[in-house]
Amino acid sequence: MTTDPIEPMDPDIDESYADDLDDGPYIEENSGQAASRVEGDMVQNVHNWLGRYKAARELSDAFVQETIGTFVERFYGPGGLPREAAAGILRERRHVLLVAEPGTGRRTAAVGLLGGVPSPRREIPTDDDQQRLLPVDEVPWSSYGPSAYLLTVPPGSRNGRLRELLIAYREAVEKGDSYLVVLVDRKSLERPEDVPGFTVLTVTAPEREKLLSQLLDDQRARLDVDTLLRTPPIPAMLEGATPAQIARLSHRIRAAVGNPQEPLAEIAGKSVQAYQNWDEELATWFEDNVDARTRLFLIALAFLQGGQATNVLHAMEKLAEKLSEPANVRGGIGAPGIRQLAKSVNARIDDEHRIVFTLPSYNVAILRFVHADQSKAFRTRLWSWASDLPMRRGGSPNVRVAGQVASAMLAVTLALPGADAPEVRTLTERWWAYQTLRPLVVDLMTAVAMSPEAGAAMRGRLNQWAVQSGSVTLLCAVAAVCGGELADAYPQAVLTRLNNLAGRGIDDVTDGVVDAVRSLWGRPLHRQATLRRVVDWTAAQDRRHDVGLRALAAISETRDRVAFLLAELAGDAELRAGLVHAFTLLFTGEGPQGEFREALFRWLDAAIEDPAYEDLITDLMVRAGGIGQGASSRFARMSDLLYDWQPLARDAEAPAAREARDRLNERLHRANPLVAP
């Protein structure tokens with residue numbers, strides 16, 4: 001019988017935050033609506049948010065159909081065409097430039113076009129760091145037959161020669177008999193009609209009232225939506241609102257409909273207050289409630305809404321200790337109890353002693369308000385306390401509580417103006433030591449990095465950490481993120497960060513980089529770009545050389561992976577040239593050792609089965625051996641490697657390997673300048 005090892009305890013923690021937190025009934029996710037008997041606006045599960053971002057990036061069938069299902073008719077020009085007619089133009093002409101300004105709902109309009117052509121559909125990534133289009137030969141084009149692509153041209157003037165780039169993209173798409181929709185604004189491309197091969201369309205923004213009405217269409221069975229949208233102050237909120245802002249308002253309205261029998265004026269008022277993050281109400285509340293115990297209970301509940309009320313009280317007292325508040329804040333018969341505290345913070349306790357706020361979206365608004373209203377030192381201590389909430393003495397962390405904290409981190413990060421996410425580091429460094437929490441950490445970092453609100457800042461932080469951080473824990477987490485879902489949306493950015501990590505020369509971090517490369521190699525779209533970067537490392541004369549050899553070994557672990565690798569090398573002269581340089585460096589030294597030595601043996605095994613691979617390996621070795629001084633020594637080491645792979649003692653049992661060894665060895669012998677005739 002096997003048992004799972006007990007997770008390590010952090011020696012710096014002498015008090016468990018989670019020992020007394022029972023798991024109890026838990027709602028994994030509820031999209032901000034009432035679920036079971038726990039009501040109120042609960043934060044979405046991190047993994048669910050990540051799934052939404054991924055579906056949007058991949059333009060999945062479900063995402064496209066959901067978008068079309070809530071699509072508000074707008075008119076495509078020229079001629080005021082409805083969506084179906086505009087989609088017909090894409091089907092017929094295949095390449096469309098959709099000219100519209102950011103913030104007008106243009107991406108939804110583009111998805112509406114793509115919904116009229118067959119799947120699969122994919123969004124073409126851009127160079128995120130430089131905010132420009134990728135060279136066409138670095139785009140991970142689909143290898144699964146005809147596809148439909150969406151390309152958004154980054155705004156600004158960094159693309160250079162944009163007209164020529166768009167033509168190259170169109171030609172690449174034509175080769176695959178595929179479709180292409182390019183989103184571009186007038187500032188980036190003044191005369192889109194001059195780009196040959198494209199049909200130019202424009203699109204109007206959707207009518208605001210119709211958009212909000214459509215987004216709430218599934219609420220009509222329980223709510224008079226049309227009257228609600230005419231109920232103040234909602235009409236005033238729609239004036240000048242962007243489609244994204246209207247979508248956010250629709251979520252707040254959903255959250256506010258706890259009781260459909262409530263007067264529409266109340267629902268409308270709460271919706272707008274929630275949309276405005278309850279800023280005025282919270283400012284007044286903090287003015288009226290100066291008692292530290294009540295304030296801390298409010299903050300603790302913002303993290304643990306839906307849990308047992310006594311657990312929230314316990315966590316609040318731990319927060320008081322973390323902030324070095326006076327002892328009377330942390331309890332005593334004279335201090336406010338749970339019922340009084342619940343009433344003071346606009347919360348209620350149900351029959352099972354679970355506690356929730358009575359106001360929609362209140363928990364996220366509280367954390368947002370506190371972040372804006374308190375010092376950086378306070379926020380640091382707050383998230384240090386929050387990161388300890390899942391910890392239990394002598395055992396694995398409470399994963400459910402960790403999920404609540406991570407969800408709170410994600411929600412408040414997305415809600416902050418100028419979202420940045422520095423506190424993500426606090427959770428990462430505290431939780432990474434626990435195997436059970438690592439998937440949650442990776443999901444959290446990835447979700448923030450893929451979010452429209454905080455993504456750019458988080459991706460910048462990942463690079464900053466990769467270059468500058470001295471925290472091995474943080475660096476390993478960055479490597480894991482780069483080997484996951486983020487690569488599908490930002491492949492160039494991921495490889496840049498892995499390159500910086502590979503140059504650090506830290507063993508544990510190198511392990512993480514190799515694991516990330518192994519993961520990327522398992523995604524066919526990323527193989528070519530990943531191999532290019534790995535070969536660059538092997539040819540480097542710094543710490544990246546050894547990382548590259550280990551990574552090359554990692555993507556040669558099985559017969560199938562070796563076949564993929566050699567096939568890529570056979571079709572790319574530039575890759576082979578880089579590997580020749582790497583082999584020269586390798587055999588000038590002591591020759592291949594360890595993992596890469598075993599990988600080369602697998603390459604040679606593949607050469608027995610395919611003469612093309614034998615020619616490829618022979619060419620690499622002959623070219624690498626004959627470069628510059630020391631050629632004879634390199635050829636001698638190569639010959640030794642061949643005899644280690646296929647010893648004379650095993651010749652009788654492996655005649656094919658013996659013949660391959662002798663052919664290779666003869667080629668090396670003829671190429672050796674000291675022995676060649």
Side-chain angles (χ1 to χ4, degrees), residues 13-27 34 36-43 258-259 270 278 281-367 369-370 373-374 378 381-393 398 400-401 404-405 407-408:
I13 299 297
D14 59 3
E15 182 71 40
S16 171
Y17 280 52
D19 280 346
D20 298 329
L21 298 183
D22 61 74
D23 286 339
Y26 178 60
I27 299 166
S36 182
R37 287 195 291 165
V38 177
E39 297 174 8
D41 184 61
M42 296 178 64
V43 180
N259 177 12
K270 288 181 179 179
W278 297 99
E281 292 74 19
L282 283 169
T284 300
W285 188 93
F286 274 93
E287 288 178 7
D288 295 341
N289 293 270
V290 296
D291 173 59
R293 183 174 172 85
T294 306
R295 289 186 171 193
L296 294 178
F297 188 80
L298 177 82
I299 295 170
L301 181 54
F303 282 94
L304 298 173
Q305 177 178 215
Q308 293 291 300
T310 51
N311 292 342
V312 177
L313 186 62
H314 173 74
M316 179 274 289
E317 292 178 346
K318 294 299 180 183
L319 177 57
E321 292 178 15
K322 174 68 73 173
L323 299 175
S324 301
E325 295 290 347
N328 63 341
V329 174
R330 300 194 287 272
I333 193 64
I338 293 174
R339 300 285 178 183
Q340 183 179 344
L341 288 169
K343 184 178 180 180
S344 299
V345 300
N346 296 306
R348 68 175 184 82
I349 300 173
D350 68 12
D351 293 340
E352 296 183 17
H353 217 58
R354 293 176 300 190
I355 184 169
V356 294
F357 288 114
T358 59
L359 302 177
S361 306
Y362 202 50
N363 50 352
V364 178
I366 290 164
L367 296 178
F369 184 89
V370 169
D373 201 50
Q374 296 292 331
F378 174 87
R381 291 193 296 269
L382 175 66
W383 285 104
S384 175
W385 160 82
S387 70
D388 285 334
L389 280 173
M391 301 307 162
R392 295 190 282 206
R393 187 184 295 111
N398 187 318
R400 178 182 65 82
V401 174
Q404 287 181 280
V405 174
S407 295

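Because only heavy atoms are used, hydrogens play no part in the values below, and waters and symmetry mates are left out as well, while side chains stay in.
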Nearest heavy atoms of [X] and [Y], plus distance in Å:
X    : Y    : answer
L296 : M316 : C-CG, 3.5 Å
L323 : R381 : CD2-NE, 3.6 Å
S384 : S387 : O-OG, 2.7 Å
R295 : N289 : NE-O, 2.6 Å
W278 : K270 : CZ2-O, 3.8 Å
A309 : I349 : CB-CD1, 4.1 Å

**Asked** Does the ring center of F303 lie less than 6.0 Å from the ring center of W385?
**Response**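 Ring centres of W385 and F303 closer than 6.0 Å.
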
**For W383, side-chain hydrogen bond (donor to acceptor under 3.5 Å, both in side chains) partners two or more places apart** = H371

**Request:** Tell me, please, which residues at least two apart from S344 pass side-chain hydrogen bond (donor to acceptor under 3.5 Å, both in side chains).
**Result:**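 Listed in chain order: nothing, the list is empty.
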
[X]: what forms a side-chain contact (heavy atoms from CB on, under 4.5 Å) with it, not counting sequence neighbours?
X    : result
D373 : F369
A347 : L301, A342, V345, I355, F357
T358 : N346, R348
A292 : E325, V329

**Asked** With distance as the sole test, does N398 use its side chain to make a donor-acceptor pair with the main-chain N or O of R400 at under 3.5 Å?
**Response**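 Here the side-chain-to-backbone pair exists.
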
**Request:** Dump the intermediate steps for side chain to side chain contact (heavy atoms under 4.5 Å, CB included) on I338 and H353, then the final yes or no.
**Result:** CA-CA 10 Å; I338 293 174; H353 217 58; 4.3 Å; yes

**Prompt:** Can you tell me how far CG of L367 sits from CD1 of I299, rounded to the nearest 0.5 angstrom?
**Reply:** 8.0 Å

**Asked** Quick one: CZ on F297 to CG on L319, what's the gap to the nearest 0.5 Å?
**Response** 12.0 Å

**Item:** From CA spacing to verdict: side chain to side chain contact (heavy atoms under 4.5 Å, CB included), W285, T294
**Value:** CA-CA 11 Å; W285 188 93; T294 306; 3.7 Å; yes

**Request:** Apply the test side chain to side chain contact (heavy atoms under 4.5 Å, CB included) to residues L382 and Q374: give CA-CA distance (whole Å), side-chain angles for both, the deciding distance (0.1 Å), then the verdict.
**Result:** CA-CA 10 Å; L382 175 66; Q374 296 292 331; over 6 Å; no

**Message:** For a 4.5 angstrom cut-off between non-hydrogen side-chain atoms, does D388 reach K318?
**Reply:**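 No. Closest side-chain heavy atoms not under 4.5 Å.
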
**Request:** Go through V364 and Q305 one step at a time and tell me if the side chain to side chain contact (heavy atoms under 4.5 Å, CB included) criterion holds.
**Result:** CA-CA 11 Å; V364 178; Q305 177 178 215; over 6 Å; no

